[in-house]
Enquirer: 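One structure, as structure tokens, below. Some questions next.
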Amino acid sequence: MIYLNGEFMPIEQAKIPVLDRGFIFGDGVYEVIPTYSKRPFRLAEHLARLQSSLDAIRIDNPHDKAAWSELVARIVAGNPWEDQNVYLQVTRGVARRDHAFPKGLRPTVFLMASELVTPSAELLKTGAQAIVLPDFRWLRCDIKSTSLLGNCMLRTEAAEAGCAEAILVRDGEMTEASASNVFVVKHGTVLCPPKSHLILPGITYDVVLEILRDNAVPHEVRPVMESELRSADEVWITSSSREVLPVTTLDGKPVGTGKPGPVGVRVHALYQQFKQRIMRAPAHA
Ligand SMILES: Cc1ncc(COP(=O)(O)O)c(C=O)c1O
């Protein structure tokens, strides 16, 4: 079951006018909210990031937090999986084709869910493969825009090289990956780039930083050079669906020992504990 502009329906029945600016220009923003045992994880943070994305492209938020929470809850209840990715998208709406943002449109609101499958025990044991590519995307990667052509091109190049991710570098610095944030470990210290217009402020990135702080794991939030990425002892990618996934080869060469390293294994375990605690806590009314 999906939600479109006020109605719940099977996905086959959902129709969008061809002049929707989401279709014509990719003029919209989105969120993906992981839901474990039918309970959304970090919902308030996802809704805050949605607000920032909407503000950045000047779409009035069509719903308040309570209404969004209700829509998410109804989508979760209406779909069969215990663990779900709840996808929500807001576009500017339908208008005659003209680049400048028209005023007064009714935003298109769409929610759907899919099964959330986190990395298998097998993949966590071997780690994932990645390639390094130039980050040729635009300069507002902090907006969670549905205009994802650059990310799609980069991810396709990774997939064609038999890799799970493309890790991106711009002007000699690591930014993020095509659909995840990136952390590296050197001599026991975790390094990750600060939030800026060049990366998406990941919700998982924030959780990982909280975990590092709470467990006194040495870490530095500062620009990470491409040379540091390439000589790292460990590399991890983080996202809502991949959680904390070790990368064990970069451009076909082993990262560190070529096996998931001890810091990443520990942070992955701490992340699982963090999730369990959230799931045991009383549900919001
Ligand atoms: C480009 C990009 N960076 C980072 C992330 C990770 O964000 P989150 O941890 O909120 O899933 C994503 C998630 O899809 C992404 O698309």
Side-chain angles (χ1 to χ4, degrees), residues 26 28-36 40-54 56 68 72 83-89 112-114 116-119 128 130-159 163-170 173-184 190 192-212 221 224 229 235-247 264 267-268 270-272 274-275 278:
V29 297
Y30 75 109
E31 276 298 321
V32 181
I33 303 157
T35 303
Y36 302 104
F41 182 65
R42 294 244 149 174
L43 178 60
E45 288 81 357
H46 280 278
L47 294 180
R49 185 172 64 184
L50 173 68
Q51 185 67 58
S52 308
S53 296
L54 289 168
W68 279 120
V72 169
D83 296 345
Q84 301 180 19
N85 282 311
V86 175
Y87 176 92
L88 71 84
Q89 171 173 332
M112 65 176 171
S114 60
L116 168 55
V117 182
T118 54
I131 54 173
V132 180
L133 293 176
D135 191 346
F136 57 64
R137 301 172 303 160
W138 70 334
L139 298 175
R140 290 305 308 272
C141 297
D142 54 322
I143 301 172
K144 202 163 169 64
S145 161
T146 57
S147 307
L148 285 173
L149 192 51
N151 304 60
C152 293
M153 289 168 73
L154 292 159
R155 174 59 76 81
T156 300
E157 211 175 310
C163 289
E165 240 323 359
I167 297 180
L168 310 177
V169 292
R170 194 193 285 267
E173 289 179 17
M174 178 180 91
T175 51
E176 58 176 345
S178 72
S180 46
N181 293 108
V182 187
F183 290 72
V184 309
V190 182
C192 68
K195 288 181 185 173
S196 75
H197 59 292
L198 299 178
I199 70 171
L200 186 80
I203 305 299
T204 321
Y205 166 106
D206 280 340
V207 173
V208 167
L209 281 176
E210 242 174 82
I211 288 173
L212 297 176
V221 179
V224 178
L229 164 68
V235 174
W236 331 318
I237 52 177
T238 69
S239 76
S240 294
S241 54
R242 283 176 155 166
E243 302 186 334
V244 181
L245 178 62
V247 169
V267 171
H268 179 269
L270 290 166
Y271 189 87
Q272 299 308 314
F274 189 96
K275 257 169 56 182
I278 301 287

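Counting convention: from 1, in listed order, for ligands and their atoms alike.
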Enquirer: Counting heavy atoms only, which of Cys141, Ala177, Ala179 comes nearest to atom 12 (C) of ligand 1?
Expert: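 Residue with the shortest heavy-atom distance to the ligand atom: Ala179.
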Enquirer: Any carboxylate oxygen within less than 4.0 angstrom of a Lys/Arg side-chain nitrogen, looking at Glu31 and Arg42?
Expert: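 So Glu31 does not pair with Arg42 through a salt bridge.
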Enquirer: I'd like to check which ligand 1 atoms, numbered from 1 as shown, lie under 4.0 Å from a non-hydrogen atom of Asn151.
Expert: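 So the answer, numbered in order with elements, is 1 (C).
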Enquirer: What is the nearest protein non-hydrogen atom to atom 6 (C) of ligand 1, stated with its residue, atom name and distance?
Expert: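 Answer for atom 6 (C) of ligand 1: Asn181 OD1, 3.6 Å.
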Enquirer: Going by heavy-atom distance to atom 5 (C) of ligand 1, choose the closest among Gly202, Gly150, Ser178, Ser180.
Expert: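 Residue with the shortest heavy-atom distance to the ligand atom: Ser180.
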Enquirer: Identify whether the distance between the nearest side-chain nitrogen and carboxylate oxygen of Arg137 and Glu176 falls below 4.0 Å.
Expert: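 The answer is yes: the pair qualifies as a salt bridge.
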Enquirer: Tell me whether the rings of Tyr271 and Phe41 are parallel (<30°), tilted (30 to 60°) or perpendicular (>60°).
Expert: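 Because their plane-to-plane angle is over 60°, the rings of Tyr271 and Phe41 count as perpendicular.
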Enquirer: What protein heavy atom is closest to atom 14 (O) of ligand 1, reported as residue, atom name and distance in Å?
Expert: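 Ranking protein heavy atoms by distance from atom 14 (O) of ligand 1, first comes Lys144 NZ, 3.4 Å.
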Enquirer: With respect to His46, determine whether any N or O atom, backbone or side chain, lies less than 3.5 Å from an N or O atom of ligand 1.
Expert: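 No, there is no polar N/O contact under 3.5 Å.
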Enquirer: Show which atoms of ligand 1 fall inside a sub-4.0 Å distance from at least one heavy-atom site of Glu176.
Expert: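 Reading through ligand 1 atom by atom, the close ones are 1 (C), 2 (C), 3 (N), 4 (C).
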Enquirer: Salt bridge or not for Asp142 and Arg49, using N-O below 4.0 Å?
Expert: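 The answer is no: the pair does not qualify as a salt bridge.
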Enquirer: Looking only at atom types and distance, does a side-chain atom of Thr204 sit under 3.5 Å from a main-chain N or O of Ser240, one as donor and one as acceptor?
Expert: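 Indeed, once roles are kept as given, a pair shorter than 3.5 Å links the two residues.
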Enquirer: List every atom of ligand 1 that sits less than 4.0 Å from any heavy atom of Thr204, numbering the atoms from 1 in the order shown and giving each element.
Expert: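 Within the 4.0 Å cut-off of Thr204, ligand 1 contributes 8 (P), 9 (O), 11 (O).
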Enquirer: Hey, does the side chain of Glu165 reach the backbone of Ser178 with a donor-acceptor pair shorter than 3.5 angstrom?
Expert: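 Here the side-chain-to-backbone pair exists.
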Enquirer: Are any of the N or O atoms of Ser240 closer than 3.5 Å to those of ligand 1?
Expert: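 Yes; at least one N/O pair falls below 3.5 Å.
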